[in-house]
Every structure is written in structure tokens, then in C-alpha cells.
Undergrad: 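After the C-alpha cells below, expect a handful of questions from me.
The analysis underlying the following values was restricted to heavy atoms, covering all of them including side chains, and did not include hydrogens, waters or symmetry mates. Throughout, a chain's letter reflects where its sequence line sits, starting with A, and its residues are numbered from 1.
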Amino acid sequence: MADNTDKTRIQVAIKERKRVGYTPVVPDTQLGFVHNNVDCIGCRACEIACKDKNGLPPGPRFRRVMYVEGGRFPDVFAYKVNMSCNHCAEPACLPTCPTGAIFKRQKDGIVDIDSTLCIGCRRCEAACPFGAPQFDPTTNTVSKCNMCVDEIDAGRKPYCVMGCMMRVLDIGPIDKIRDGTHPTKAIGPGDHTVRQVRNMANPDLTNPSIAFVPHPKGRVEG
Amino acid sequence: MSHDDRTHILGSALNVSRRGFIQGAAATGAATGLFRSVAPQEAKAFAYAPYPTDDELVTVPTSCAHNCGSRHMLVAHKKGDVIVRLSTDDGRYQGPEGGYGYDTEEVPQLRACLRGRSYRARLYSAERLLYPMVRVGARGEGKFKRASWDAALDYVAERMVHIKNEYGPQALLDQSYAGASYGVLHKSDQIEGLLGRFLGMFGCRTSSWSVPSYQATTFSSRMTFGTIEDGNEDDAFAHSKLIIMWGWNPAYTFHGGNTFYYMRLARQRGCRFVLIDPQYTDAASSYDAWWIPIRPATDAAMMAGMAYYIFTQNLQDQDFINRFTQGMDPGTMPDWARGQESFRDYILGTSDGTPKTPEWAAAICGVPATDIIKLADLYARTKPAALKASWAPGRNSNGEQYNRMAAALQAMTGNIGKLGGCAEGVGKGWHAEAVAYPYDEFANVWYASIKSDRWAHLVLNYPNLKREEIGLWPRGDHLDGVIPDIRGIFWQGSNWFNQLPHINKQIDAIKKLDLVVCNDSTITPSGLYADVLFPVATHFERHDVALPWYKGHYYIHRPKVIQPLGESKTDFQIYTELAWRLGFGDRYNPRATREYFHHDDAVDEAYLSAWWERVQHHQGVDISWDEFKTRGTYKFRLPRPHVAFRDQIEKGIPFQTPSGKIEILSTTLAQTTDFTRTAWGYPIPAIPKWVEPFESLNHTDKTAEHPFHMVTPHPRWRTHSIFHNIPWLRETYDQEVTINAADAAALGIATGDTVEVWNERGRIVLPAYVTERVMPGVCVVHEGPWLDLDADGVDRSGNPDFLTLDEPSPAGGFAYNTILVNMRKTDLNHRPGWDRIATSRSHVFRRGV
């Protein structure tokens, strides 16, 4: 159970929250993820690295490697879409939080939840189009990927990225990832990134900070 | 928390009007943070507080230890004596050239896979064995009570002496295996392991010689090349123009620390990929491979069809054949075999009247002749091309013929000994300095040695069986041919009871034994059938050095990260102390006194530092033992990618075969007159041939009753059975039976339905995964779930080894992939794990398009 003993503080926070509006933070640099849907072997080392790093019980999965497959035997295809929290430019979760526990960092745009303020109402879980907030039944709170802020603040990369056996997952300034100027092994020679792949919610909803190298079958028009 | 509580919380969350709430938030948007009266505090970002950051923790480089196809680095972050998280190689641990993020093609990071990353959950699992236990219920009932070390050790020592005196030097069966795996000091292994030395020195040991994963492949490599070191280093794959993954899924089974990554580099450089497999694997999708679905156990036939095309189109590398092979064609037959059947004679049908045409092959393997021709043409014309003949198709009835046939293809196209080519096979790429404990004339002493999957057959039929039925290894003394009377089993690093074929037969056999001893860090299904459980310290709790597994050229230091949990001891401590009680403690562990059972640090350090001196001398390593310990890892820089047999091809050094050539015609096999006197027991052709398996989809008499061919590959989320009890891994993957959508439709089965799969040997229950990615008529059940019998003897875990047959191929290959089964939707229960709350959610994250 998270240390939520300071009930008074939570009550005050709720009261205040109703008067405090949401002005989206415009970060100095927006960090984001890039994932290569094709070259990913779907090993889920990133998922388990994340579970271990964050000490999660069975249930909540901050990072989720989704397996997509299709076609008809023997003409089939498969690819992976790997997503955690997209640290959106306009996070849908943030304004739904009644205690103001969700915040976006000014310096790098990381969206995080203050675990001491979360009351486990799960509104953020419902609001997120990407399934990022994860309810933890052992603590009755919601938590999610914070891009390993301790690692970021120490000048390193998150555990999922550093655990990627195929080097297909990376982070960087999202605008540089998108215009191809960020050096990363996730994007191979000749690869180009997109904002959206099939089966993924419309990025216009929240402007997620993530780019994908899509599978040909995972491309969406436009 | 009760179920009702949870429903209540969920209900209140759902009752909130989300739309109304968002509007409310927007309406107050003009307000600012000035009115906040909450005292500013540092946000607690982590799911649990206090979250220890790295500056509060001690980081200790170490490695994984389990028996997978690789060896990766782990870094333990510990607080006091508790590991709070694990990370992996990030480039900082390789001496002066390294640094955070250092990761080059020459010196890549050794990043651990999902299993390695879950080690903390295994270390502190509920199934962790902490105290010596002795059985109080019936064998297999799972009832134990805690015992003192003294009592447990005395009991075992007393029974050992009794059994040896009563039944002779063959009465104890060594079933150690590589579960606790490759440390140089604390090693469990069939040949080099600590148990073999212990039982051998005691003077009572029957060894198990066939290796479950790849015995057919080992046989093929030995016969063809004279060695199992037929592997390139993993970085050589980056130089291929064509990679044929034959039954190989490098996305699941990691042969080498970075093989999968080097293959990605190959693809970026224009390499083409082909997969021959009943399943469209993740490796196929990642490397955009041309998928050729094939009927299981018919691989050798398809290869023969390819060889026919290559010979008849004259696409073979005749110069290579003439210089380096024996028996490929009439011109390369040795004098003593002049006029006998060569491989070319067999393929063209000049000897048996049946040309092995692509059409002939197509009828057997189900691959259209046009595809066989297309692949043969591609393989013969693309240089260099790597045909990686993996182990799984060898785990079949007559599986050795597949591997021998693959070697013939590799040789006839001249792809051996060349960068970008491939002679694998076994794939051992590097010979490490492997043993730090005493390995002398007492190591691997045995008084009988049998095919590993025949022990139950032996115990149930003793003494009324022939030596060839159990693959008795020949000896030069009076014990040759003596059928062993097995009275006890020792397990070290082994869950073989759960992993060998035909488990129901093993359940019958084990009841007949007098002593079953299990060393393990975890309670396993095997442990449940033991009389005595010795708790073993994991590799985090003992001092060792990790070796790469077959590929990879590096060593990783494995310090004692934390103190052993509970009363656990190392295997070496346990066998040393047992040896003292049996009167040979000083010989078994010559650097130790009896104090070793309580204090092992100094002795282990002495063994390891002496071993490092050998590394320095034999392998030209220039850093000291202390420097190695400080860095945590030593990665060799090779002047060029290691390619097996390069010296033989470039410098003309003879191969290690009797003829010094690549033996397509095996001298050993051709000159064997009585196979019953060999360990194989039954005849094996001297040249690679298609030999009908004992069952397959082509056996219409059998498919009427059991219409599906089941294959049982290695899973990604377990190493064999290790990690089955890890909830993190179980929520990412189901133990399921994979079936083709058309077959499923005919049976009325949908993904997620519970299905029972059965044949005459057993019945298992597990959920179905319906997909277009597996060929019709084939089903896939991954090996290794922990057996879990219901009252009627039905396995609820979905362990395929209740259905496999303990009928090895002549060369000793286990027939794990030669199984016909039937299946249907069922009301029987599946249990994903021994714990009650276990759920798997992988199907939630799978979507059809």
C-alpha cells in the first residue's frame, strides 16, 4: 500500500484541484520512444526488465509488447507494437486526476504519477487511449511508466531501452527522432518512422511522443 | 483483498461521469497554481516508496546461469543482503575501452533476455527450497518434513552404501543435467558435472549419455566433422548473403549472446532469409523470411530433393567436394569402399532405383517440388550462404539423418570454413577453459551408461531386456553388456522427471526405486518424487565464473552477491560433505577441509584463481584475476570472426575424422559390423539417407486415430522447465496448444478454449491458440510446464511429455517431435501454475488483423 496516511493533505489537494485548471506543460525538450515494429523479435525482455525495475506484482504491465498477426496460411505476416506510456504532449490522463497526482516534467516532458497522491480512482486508466496507466491491486493505486526518471536524471536511458536485445527500442528528443536526425540503432538504414500504426488509437487525441518503424501491413493511410 | 472489495472499487470508478468531470476541469482552466495550498513535496514517482536510487545501492556484475543457448550479463543492485533489482550489460563492465552505452559490432553488450531479467522473482520465489527435506508421504505425493543437514546427509550416505553393497556399482543412476549449468566451478552436467565425479569416485554410477536437446545433431557432427565444434562465432552471421533457418527460431532459443542481433545486421546488409518450419516463427517475421512449411520429421527427405536438384543441375562445388569430402560421390569414395554406395549414388537412385527427385521429396515432406527446387537453386547459387541446421528437426525418430543430410548440403555447396557460410549442426563456436574444480581420472567414471530416455524402460523391464534397448555403452571389461539394476536416482541441476519423454512410464518406474535424491534451489516436479531434497544455493549465492554457452567469447565473473538463503549450500559443498561421510572427502575436494561445508569462500576463491591462471596461459589473457573481478567481465577481441573449419579449408589441415575429410560416408559407421555392440544399438546408414520415422502425418494407419502431429519446441518464457513458476513470465505467455485455424474450425475450437490433447500414452489439458501461422495437421505445445496431475492422471499443466514416446532414434536423439495426437474441446481443468491465483493474459495482447 502506498504511504497515503496523510489524508488531510489529500483532501486539501482534491479541493484545490477543482480550482486549478490544466495548462499543458510545454517541455524544454520532449523525450519520446521509438520502436521498430519489424525488427523486434517480441522477446519481451523490455517488459520483464520494467517489471523488475519497478517491483511490480503480476497484473500491472507498464510496457506491453503487442503481437499482431494476420494473413491466411501460408501467406502470413506478424509484427510487434511495443508501447508503454507515450508521455503525450497533451496527456489525456493528466486533467482527469482528481488529486493532481499526475504531472508533466518541464525539462523533458515525462508524464508521471505522484504515488503518494494517487487514490486509485482509475480515471486516468479510462482516459488514456493507449492503456498506459496500470492499476495495481496490491496497492490500490495506479502507476505507469515514468521513463525511469531516476535513470534519466542520472544521464542514462530507461531499463527497457537498455534491456532491448535487438536494439530496436530507444528514446530521444521526439522531434529529432521524427525528422531522422537522432542517432539510434532502432531505425535501420532506409527506415522511416511514422506516428501511427494499425490498431493504434488516433495520435491526434493526445499527440503521443512515440514513433514507429512500421511493418508494411501495419501502415495506415496518410 | 477480497473479491468483493475489488468489485466495489471498480464500481465506484465506473460510476464517475467521465465526460462531466472533464468539462468541470476545463471550466476552471483559468485558475492557476497560485492557490494551491498543498505543501510542495518532491513527487514520489515510483510505484512503491521509498524507491532506492542507484547511489543508495551496491551494484554487482554477475550473469545468468541457466541452461539456455546463451549466457548474458546481469547486474545485481542490492541493498544490504537483498537484491532489489537487476539490470544488464550497459557497456561499463569491459575495462578501459568501455563506458556507458558502449556497444559495437566487435564488442557488443551482453544483454539478458526476459528469463534472465526475471531471476529476482525466481531467487525469492515461493517455491524456493530453503531447508533439507525428507519425504514422509508416498513417493510423488509431495509430503515432506524439514530435516537437519546432519540427518539428511547421514540418511543418504547410509542408503548409498547399502545400495552399492547390495546391487553393485551400477545401481545409482546419475541424472544430473545442465539446469544450474555453466559455471566453471559449480557445474551440473552429464559429463563434467560435480555429481558424476562424486558418484564415480564413490564407485557406484550409471551414467546417462544421450543429450535430450541435440543428441542426433551431436552424432552427426562427430561422424561428419569429427567434432562438435562446428560452429561459427555469432558475429559471423552478419556476413551471410543467405541464411536458411532450418527448424531454428533464434527469437526463442538464443544460440549465442547476440546471434539474433547479428542476423538483424545481416538483413540490413541485404541478406535474404528462409525458414523451414511447421510454424511461422517470430524470427521469420523479424527477418522477413520466406516461410516454407514442412511436415515434421520429414526434413531429410526435403534435403535429399534439394541435393538431387543440385547434382542434376551440376550446381555443386565439385572442387570443394574433391578436396575435402569422403563419399560425396563415386570419385570421393575411399579405396576400402570403392564400388559401394556413395551419397550421389543414393540421391540419383543409381543404387536403390529411387531417384530422390524434388517430386519424390514433395510427396513425403509436403513442400511443393517447385519450392524445393527454388530453395536448392537459391542455396547453390548464393555465396556465402548459411544453412543453419538446428537441433529441433533432429529431435525426431531417425533425426540424425536430417543433420547428416544438412552437412552434405553444406559441403556440396562449399559453404564450410568460409565467412558467411555455416557448418552447424551443433554450433559450438568457441572452446572455453571450462572446469575449475578437480577434473582428473575420477571425473566421469561410470560402470554403465545408457540412453537417457530409456531409464524407465530399463527399471520396468529389468533384467529382461537387451543391451541395444537401452543403448548400453560398450566397455572393455567384465561389465560390458551387463544390464544395470538401477535402485536409485540422483538429480543435480535436473528436472528430468518432468522433461524426459513418456512421463507416465516414469511415474510407474520411479515407484520401484529405493533412493531418489534431488539437489535443487527450487521445488520442482522432480523434487516431488524425491526422498530427500537438498536445498542448493543459486548462482547469486556462490562464487563462480560464467562461461558463454557454445557461442560467444567471454567470461563473466559471478561473485557471491548475497549470502545463501535459508540453509542452502552449494552442490559442491553437499557432495564434499557427503564424500567426507563416505570416506573420500579429501580426494573429492582436495583444496578443502571438512570445514568447507560451513565456509566455502577461501576454497572457491583458490579454485577460481588457479583456473584463471590457466585461462591466462592457454588463451593469452593479459589481465590479472583481481582485475577481472573488478571489471566483472572479459571479452575477447578476435582478429576476425571465428569460422569453424577455416583452417581445414584455407590451410589444408585434416578434419578430425578417421579419413581427415568431411565424412559424408562415415568411416566409423561403414566399418561397424555389429551395431548391437555399439551404444547406438541399431543400424545407422553410413551415408545420409531418408529413413521413415516411426510415425508421421504420412502414416495413414495411425493418423485415422491421431490426426495431428505435435511438435514440442523450447519455449521463450522458460528455459526448459526453469522459470515456469515465475508469475511475471506467465502473464506474458500462455502454455497453450497452437493449432491451425482451419483445423480449429473443424473441431469447433477458438483461441482461449480449453482443449485436451491425448494419445495412447497420456492426456494433457491446456488452452488453445488458433492461428494461420502453423501448418494444418500440426500442433505445437512448448516443453517444460510443471506437471500437475488431477485425480484421473490427466496433466492439467499441458506438459507435452505425457504424450512423447521414450523411443530414441538409433543415434540417441530423443524423439520429442515425433508424436501423433488427437484433441478436442474439453470441460477438464487447465492450471497454468501450481499457485491458485495464476492467470495468464497473453491473449489479451494478441490481435488478428
Undergrad: Pick one of side chain, backbone, both or neither for A:Cys46, based on which atoms fall under 4.5 Å of a heavy atom in chain B.
TA: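 It is neither, since no heavy atom gets under 4.5 Å.
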Undergrad: Work out which heavy atom in B:Gln268 is nearest to a heavy atom in A:Pro189; give both atom names and the distance.
TA: CD-CD, 3.6 Å
Undergrad: Is there a salt bridge (charged side-chain N to carboxylate O under 4.0 Å, His left out) between B:Asp103 and A:Lys185? Walk through the geometry before answering.
TA: CA-CA 10 Å; B:Asp103 184 31; A:Lys185 291 178 181 172; 3.0 Å; yes
Undergrad: Using side-chain heavy atoms (C-beta onward) and a distance below 4.5 Å, is A:Tyr79 in contact with B:Ser286?
TA: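 A side-chain contact under 4.5 Å is absent here.
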Undergrad: Can you see which heavy atom on A:Pro74 is nearest to which on B:Trp291, and at what distance?
TA: O-CE3, 3.4 Å
Undergrad: Quick one: what part of A:Cys40 sits under 4.5 Å from any heavy atom of chain B, side chain, backbone, both or neither?
TA: backbone
Undergrad: Which atoms of B:Tyr119 are under 4.5 Å from chain A, going by heavy atoms: the side chain, the backbone, both sets, or neither?
TA: neither
Undergrad: Which bit of A:Asn36 is near chain B, if near means a heavy-atom gap under 4.5 Å: side chain, backbone, both or neither?
TA: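 Side chain of A:Asn36 only, per the 4.5 Å heavy-atom cut-off to chain B.
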Undergrad: Check whether B:Tyr261 forms a cation-pi arrangement with A:Arg167 (NZ or CZ under 6.0 Å from the six-membered ring centre, at most 45° off the ring normal).
TA: yes
Undergrad: Which region of B:Thr88, side chain (C-beta onward) or backbone (N, CA, C, O), has a non-hydrogen atom less than 4.5 Å from a non-hydrogen atom of chain A, or is it both or neither?
TA: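 Contact with chain A is through the side chain of B:Thr88 alone.
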Undergrad: CE/A:Met165 to SG/B:Cys113 distance, rounded to the nearest 0.5 angstrom?
TA: 5.0 Å
Undergrad: Does any backbone or side-chain atom of B:Trp728 lie under 4.5 Å from a heavy atom of chain A? Answer side chain, backbone, both or neither.
TA: both
Undergrad: Sort B:Arg267 into side chain, backbone, both or neither according to what part of it lies under 4.5 angstrom from a heavy atom of chain A.
TA: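 Side chain of B:Arg267 only, per the 4.5 Å heavy-atom cut-off to chain A.
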Undergrad: Under a 4.5 Å heavy-atom cutoff, which of A:Cys148, A:Ala45, A:Gly190 has the most pairs with chain B?
TA: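 When all of A:Cys148, A:Ala45, A:Gly190 are compared, A:Ala45 has the most.
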Undergrad: Residues in side-chain contact (heavy atoms from CB on, under 4.5 Å) with A:Asp108, at least two apart?
TA: A:Leu31, A:Arg105, A:Ile110, A:Ile152
Undergrad: Using the side-chain contact (heavy atoms from CB on, under 4.5 Å) rule, pick out the option among B:Arg120, B:Glu731, B:Arg117 that qualifies with A:Lys51.
TA: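 One option only clears the test, and that one is B:Glu731.
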Undergrad: In terms of heavy-atom proximity below 4.5 Å to chain B, should A:Lys80 be classed as side chain, backbone, both, or neither?
TA: side chain
Undergrad: Please identify each residue that fulfils side-chain contact (heavy atoms from CB on, under 4.5 Å) with B:Asp55, with sequence neighbours left out.
TA: B:Thr53
Undergrad: Taking all atoms of both residues into account, what is the closest heavy-atom pair of A:Ile48 and B:Leu114, and its distance?
TA: CG2-O, 3.5 Å
Undergrad: What part of A:Asp39 gets closer than 4.5 Å to chain B, counting heavy atoms only: side chain, backbone, both or neither?
TA: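 Both parts, backbone and side chain.
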Undergrad: Is it the side chain or the backbone of A:Glu151 that comes within 4.5 Å of chain B heavy atoms, both, or neither?
TA: side chain
Undergrad: Parallel under 30°, tilted from 30 to 60°, perpendicular over 60°: which one fits the rings of A:Tyr67 and B:Tyr733?
TA: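 Tilted: the ring planes of A:Tyr67 and B:Tyr733 meet at 30° to 60°.
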Undergrad: Keeping the roles fixed (side chain from B:Arg85, backbone from A:Asp52), state whether a donor-acceptor pair exists under 3.5 Å.
TA: no
Undergrad: With only heavy atoms counted, which part of B:Ala112 is less than 4.5 Å from chain A, the side chain, the backbone, both or neither?
TA: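 Contact with chain A involves the backbone of B:Ala112 alone.
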Undergrad: Indicate whether any N or O donor in one side chain lies under 3.5 Å from an N or O acceptor in the other, for B:Thr771 and A:Glu69.
TA: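 Per modelled atom types, B:Thr771 and A:Glu69 side chains form a pair under 3.5 Å.
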Undergrad: Picking from B:Ala284, B:Ser87, B:Ala121, B:Gly91, which has the most non-hydrogen pairs under 4.5 angstrom with chain A?
TA: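 Winner by heavy-atom pair count: B:Ser87.
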Undergrad: May I ask you to name which of A:Val168, A:Ile41, A:Val149, A:Asp191 has the most heavy-atom pairs under 4.5 Å with chain B?
TA: A:Ile41
Undergrad: Under 4.5 Å heavy-atom distance to chain A, tell me which part of B:Tyr252 shows up: side chain, backbone, both or neither.
TA: neither
Undergrad: Of all the heavy-atom pairs spanning B:Tyr100 and A:Lys157, show the shortest one and how long it is.
TA: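 Heavy-atom minimum between the residues: OH-N, 2.8 Å.
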Undergrad: Just do the side-chain contact (heavy atoms from CB on, under 4.5 Å) check on B:Arg773 and A:Phe73 with the steps written out, would you?
TA: CA-CA 6 Å; B:Arg773 291 173 63 175; A:Phe73 175 86; over 6 Å; no
Undergrad: Counting only heavy atoms closer than 4.5 Å, note whether B:Tyr280 contacts chain A via side chain, backbone, both or neither.
TA: side chain
Undergrad: Is any side-chain heavy atom of A:Phe77 less than 4.5 Å from a side-chain heavy atom of B:Ser285?
TA: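 Of all side-chain heavy-atom pairs linking B:Ser285 with A:Phe77, none is under 4.5 Å.
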Undergrad: Once you round to the nearest 0.5 Å, how far does CE of A:Met166 lie from CE of B:Met263?
TA: 8.5 Å
Undergrad: At what distance, to the nearest 0.5 angstrom, does CE of A:Met162 lie from CG of B:Asp89?
TA: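 Here the rounded value is 8.0 Å.
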Undergrad: Measure across B:Tyr51 and A:Asp150 and return the closest heavy-atom pair with its distance rounded to 0.1 Å.
TA: CE2-OD2, 3.4 Å
